[in-house]
Undergrad: 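Supplied in structure tokens, the structure appears directly below.
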Amino acid sequence: MKAAKKRLTVKFNFKTRQVICDNASAFMYECGYILHNNCSMQYKEWRHVPEEAPLPLCHRLTILFEIDVEDANVCKVIDSHVARAWRTYRSQLHDYFKGIGGPVDPTKAKTTPPPNMGSKDDWEYLCDMWCEPKYMETAEKRVMARGKRKMNSRNLFKKYNKLSHRTWT
């Protein structure tokens, strides 16, 4: 990109909200990178993030990619990719929190944020949220529910592929 000194073209499938071009991986990487460095994590879910917060993220993408952020369909695709990146990043932070013994010793967890964490306030907010009794109770219920599932995957092809030696033609 830097050598060519021009923005990359991106094509979207608005029905599935997917990026469909050779630059799709670069686009998704940049969505995640911009999100990590510029978005606050002090919300319970992505849908609670105010609508004004993602707008600067969209405009930062226009520096690298040839996209029309004025188009509502393009904004929906970008929003879905950023929402996925936001959930993935929160999941990684939660894994780090559990790995350093956060549920057992929350004060230690608060003082040792991950190296890629942008704001210390965001980390403290997340630690407080993950240590709340209501959150821990809900998380325990979800673990129990996942343990009771009869089928691990919703992908029926994998299920049938394991159960029979049928050839799919």
Undergrad: For Lys134 and Glu132, run salt bridge (Lys or Arg N to Asp or Glu O under 4.0 Å): C-alpha distance rounded to whole Å, both residues' side-chain angles, the deciding distance at 0.1 Å, then the answer.
TA: CA-CA 5 Å; Lys134 184 178 178 182; Glu132 288 179 357; over 6 Å; no
Undergrad: Is there a side-chain contact (heavy atoms from CB on, under 4.5 Å) between Phe14 and Val77 once you walk through the steps?
TA: CA-CA 7 Å; Phe14 299 119; Val77 174; 3.9 Å; yes
Undergrad: Report the C-alpha distance between Val10 and Glu66 in whole Å, list the side-chain angles of each, state the deciding distance to 0.1 Å, and finish with yes or no for side-chain contact (heavy atoms from CB on, under 4.5 Å).
TA: CA-CA 6 Å; Val10 181; Glu66 188 71 38; over 6 Å; no
Undergrad: Could you work out the complete set of other residues in the hydrophobic cluster of Met144, with links drawn between I, L, V, M, F, W and Y side chains under 4.5 Å apart?
TA: none
Undergrad: Carefully, step by step, assess Ile78 and Val82 under the rule side-chain contact (heavy atoms from CB on, under 4.5 Å).
TA: CA-CA 6 Å; Ile78 292 171; Val82 173; 4.0 Å; yes
Undergrad: Roughly how far, to the nearest 0.5 Å, is the NZ atom of Lys141 from the CE atom of Met136?
TA: 14.5 Å
Undergrad: For Asp128, what residues pass the side-chain hydrogen bond (donor to acceptor under 3.5 Å, both in side chains) criterion, not counting sequence neighbours?
TA: Lys110
Undergrad: Is any side-chain heavy atom of Gln92 less than 4.5 Å from a side-chain heavy atom of Asp95?
TA: no
Undergrad: Do the non-hydrogen side-chain atoms of His94 and Leu126 ever get within less than 4.5 Å of each other?
TA: no
Undergrad: To the nearest 0.5 Å, how far apart are CZ in Arg90 and CG in Asp122?
TA: 9.5 Å
Undergrad: Would one find more than 12 heavy atoms of other residues, nucleotides or ligands at under 6.0 Å from atom CZ of Arg84?
TA: yes
Undergrad: Could you tell me whether the side chain of Trp123 reaches within less than 4.5 Å of the side chain of Met41, counting heavy atoms only?
TA: no
Undergrad: To the nearest 0.5 Å, what is the distance between CZ (Phe97) and CE (Met129)?
TA: 9.5 Å
Undergrad: Can you list, by chain and residue number, the hydrophobic cluster partners of Tyr29 when the side-chain cut-off is 4.5 Å?
TA: Tyr33
Undergrad: Within the 4.5 Å heavy-atom criterion, are Tyr96 and Leu93 side-chain neighbours or not?
TA: no
Undergrad: Is it true that a side-chain atom of Ser91 and a backbone atom of Arg87 form a donor plus acceptor pair closer than 3.5 Å?
TA: no
Undergrad: Do Pro106 and Cys131 touch side chain to side chain, with heavy atoms closer than 4.5 Å?
TA: yes
Undergrad: Measure from the ring center of Trp130 to the ring center of Tyr125 and say whether it is less than 6.0 Å.
TA: no
Undergrad: So which atom in Leu61 and which in Cys31 form the shortest heavy-atom distance, rounded to 0.1 Å?
TA: CD1-SG, 3.9 Å
Undergrad: Atom CD of Glu124 and atom OG1 of Thr111: how far apart are they, to the nearest 0.5 Å?
TA: 9.5 Å
Undergrad: Measure the CZ-CZ distance between Phe65 and Arg60 for me, rounded to the nearest 0.5 Å.
TA: 14.5 Å
Undergrad: Could you walk me through whether Tyr135 and Thr138 pass side-chain contact (heavy atoms from CB on, under 4.5 Å), step by step?
TA: CA-CA 5 Å; Tyr135 179 86; Thr138 304; 5.8 Å; no
